[in-house]
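In what follows, a structure is listed as structure tokens, so that the remarks can point back to it.
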Amino acid sequence: MQQTRTSEPTGRRVLDTDAPYVLDVRDVRTEFQLEDGVVGAVEGVTLQVRRGETLAVVGESGCGKSVMARSILQLVDRPGKIVGGQVWVPVPPIDPETAKRRRGLFSRKKAPTIPVVTDPDAPEGMVDLLASDPEILRAVRGKRISMVFQEPMTSLSAVHKVGDQIAETILLHEPVTTEDARKRAIELLRRVGIAAPEKRVDAYPFELSGGMRQRVMIAMALACDPELLIADEPTTALDVTTQAQILELLKSLRDETGMAIMIITHDLGVAAQLADSIAVMYLGNVVEYGDLAEVFRHPKHPYTRALLASVPKLGQSRGRRLEPVRGMVPHPFARPSGCTFRDRCDFAQIGRCDVAPPPLLRDDDGHEVRCVLYEEER
Amino acid sequence: MKEPTMRPDVILETRKLSKEFPITTGAWGKQVGEVKAVTDVDLQIKQGQTVGLVGESGCGKSTLGRTILRAYEPTSGQILFRETDGSVVDLAGLSEKQLKPYRRSIRMVFQDPFSSLNPRMTLADIIGEPLRVNTVVPEAAIEGKVVELLTKVGLRPEYLHRYPNAFSGGERQRVGLARALALDPRLVVADEAVSALDVSVRAQILNLMKDLQEEEDLTYLFISHDLGMVEYMADEVVVMYVGHIVESGPTEELYDRPLHPYTEALLSAVPNPDPSAADRRERIVLKGEVADPTNVPSGCPFRTRCAYAQDKCTSDVPELREVSSGRRVACHFAEELDLRGLSELGAA
């Protein structure tokens with residue numbers, strides 16, 4: 001039998017709404033300082049992920065979703081620069097031995113200290129990555145929060161065996177021997193569904209197919225049992241059938257380990273498959289944020305509504321005409337004043353939408369929307 | 001040469017069309033094997049309709065599209081094309097020179113709007129080039145014709161002297177469409193024409209393609225891996241796997257009641273943007289990868305991944321056969337299997 005049936009169509013996952021946050025992003029801003037001027041890629045994003053929760057961040061290319069995700073772990077390449085905001089994560093335990101090894105044997109730098117938090121709004125037991133010692137960031141990156149990138153061919157090193165690449169992460173974070181790290185790499189490859197992991201551990205990335213490479217990326221991200229996995233378009237470069245495999249894998253790993261996932265995607269279908277909550281981004285802003293089922297059933301923001309109407313749904317597009325979103329995403333230098341979506345919006349009100357950025361409105365269920373249309377409802 | 005015959009409503013038909021790419025080695029290019037990209041494909045495209053060609057990457061759908069255009073030389077088989085006067089010609093048997101008039105009738109829209117337009121040419125040159133090369137209109141009238149084409153695809157005539165880098169992906173793909181339509185083609189091969197575009201722009205281009213089809217009486221071969229888009233665009237769907245057609249039929253019937261296990265698995269794999277359906281849904285997740293086209297499995301090429309495979313599938317190659325009017329399938333057990341279509345998969 002070569003097909004598996006996940007025969008129990010699982011009911012809605014029940015989430016612990018009181019679980020502590022594993023990530024609390026507040027008003028993060030990232031700019032690209034180019035020769036022609038400054039492009040604000042992320043314009044104040046605020047969102048939270050609870051333990052075990054899966055958050056989907058959706059939006060078109062250029063909306064800043066990838067830059068936002070990379071800003072969390074400070075992986076933004078120059079000329080990008082994080083210019084504001086806070087990224088709160090639980091304080092990582094720092095083992096002095098591994099920290100020393102990470103610093104290098106001959107480093108004379110002192111062991112890092114957890115910065116004293118003076119901000120009265122600061123959440124309990126958490127540390128702001130943007131304001132703390134790089135050593136803290138290194139203790140979080142790859143261990144507590146890890147990342148899977150879109151293009152598995154370019155994000156894996158072409159000249160190292162995949163097993164060594166996985167073992168590197170383990171060796172960086174845990175006091176284990178090289179042999180133990182290799183054994184764990186084999187175990188991880190088995191966990192992500194790679195056949196004959198004892199052999200594959202010595203394979204180079206070019207010997208593997210796209211789907212297998214993405215599995216290796218996931219194995220690497222899981223190497224240190226992260227609390228949060230950030231997956232940036234993990235299935236975009238893959239076929240539908242392989243995409244289904246990877247999504248199933250992420251689901252089962254999530255249920256097994258209880259880790260939280262932040263999945264960045266442009267595909268509303270992928271979001272609907274996996275996520276509990278959703279944040280819709282447009283030109284650097286989160287325009288709508290809330291429970292996934294609620295947002296899909298009652299989308300509020302005109303952009304979310306337009307996005308949902310412009311995708312052909314299997315079995316529902318017959319004889320019906322798609323309603324595309326008007327126009328296109330504006331050039332980053334030509335960002336409209338006020339609401340950034342107003343140029344393409346069917347409900348834009350002159351004198352209101354073009355004057356000031358729309359307010360962030362939040363209803364009782366925590367469904368947030370950034371649009372003046374809902375101001376009267378309150 | 002005796003003229004081949006085709007059904008009167010068919011504009012293009014391939015018969016036993018195959019394309020193999022040699023694998024060579026060493027300094028003398030000794031052939032050590034071949035990639036069987038397209039094997040014995042029988043395909044009919046009716047005038048004024050859209051045929052959707054689906055399959056995973058590496059299944060030969062792009063190769064088939066390009067072989068029909070004779071961008072690739074077919075290894076064997078026939079490509080029958082109906083001329084405007086009703087006579088039928090086999091494009092596969094023509095020399096490059098004899099082929100030239102037919103190049104005007106069959107055009108292509110490419111996948112990547114960023115690499116398929118020359119960055120050093122203005123829109124006037126890009127869209128005007130086919131007109132110039134084929135000398136259909138006098139040099140003085142070219143600009144007028146280009147303006148007309150730009151308007152047709154929803155671009156402003158002022159754009160005439162701009163370069164492609166001034167435009168977004170969606171606009172570039174409109175330019176690609178204008179270029180394809182410049183010579184009033186009758187068949188347009190659209191190879192993943194909207195896959196590189198953003199979701200909100202995709203629908204604009206799909207709708208534009210539909211409108212143009214109606215206005216110009218175009219026939220499309222719409223190649224895509226996205227089953228949702230194919231359902232929206234196509235009247236008939238052809239499913240390919242490792243160079244073979246495994247199933248074909250009218251879109252609605254095929255989606256509602258697939259006859260080949262591969263089609264069932266493909267339909268099941270599409271993520272549906274409806275969370276309530278995602279909960280209810282029972283998914284079939286195919287194991288493994290597309291079979292290697294240099295070493296196609298014996299018997300049925302899909303048997304290595306098929307849940308219903310039996311001994312017969314290893315020994316006998318299933319013929320593509322007509323099971324009911326318009327429905328063809330290449331599976332030994334098509335009648336016995338009760339495969340699930342869209343409604344049972346919980347998508348509709």
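Letters A, B, ... mirror the listed sequences (proteins, then strands); counts begin at 1. Below, all heavy atoms of this structure are taken into account, side chains as well, without hydrogens, waters or symmetry copies.
For the pair A/K65 and A/Y282, the cation-pi test (distance below 6.0 Å, angle within 45°) is failed. Judged by the 6.0 Å and 45° rule, B/R303 forms no cation-pi pair with B/Y308.
For the side-chain contact (heavy atoms from CB on, under 4.5 Å) with A/I246, the lone residue among A/R215, A/M217, A/K251 that qualifies is A/R215.
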Begin from the C-alpha positions of B/T251 and B/V230 and carry the test side chain to side chain contact (heavy atoms under 4.5 Å, CB included) through to its verdict. CA-CA 8 Å; B/T251 310; B/V230 167; 5.5 Å; no
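Looking at A/R344, the atoms closer than 4.5 Å to chain B (heavy atoms on both sides) all sit in the side chain, from C-beta outward. The part of B/E171 that comes within reach of chain A is its side chain, from C-beta onward, which places non-hydrogen atoms under 4.5 angstrom from that chain. For chain A, no part of B/I205 is nearby; none of its heavy atoms comes within less than 4.5 Å.
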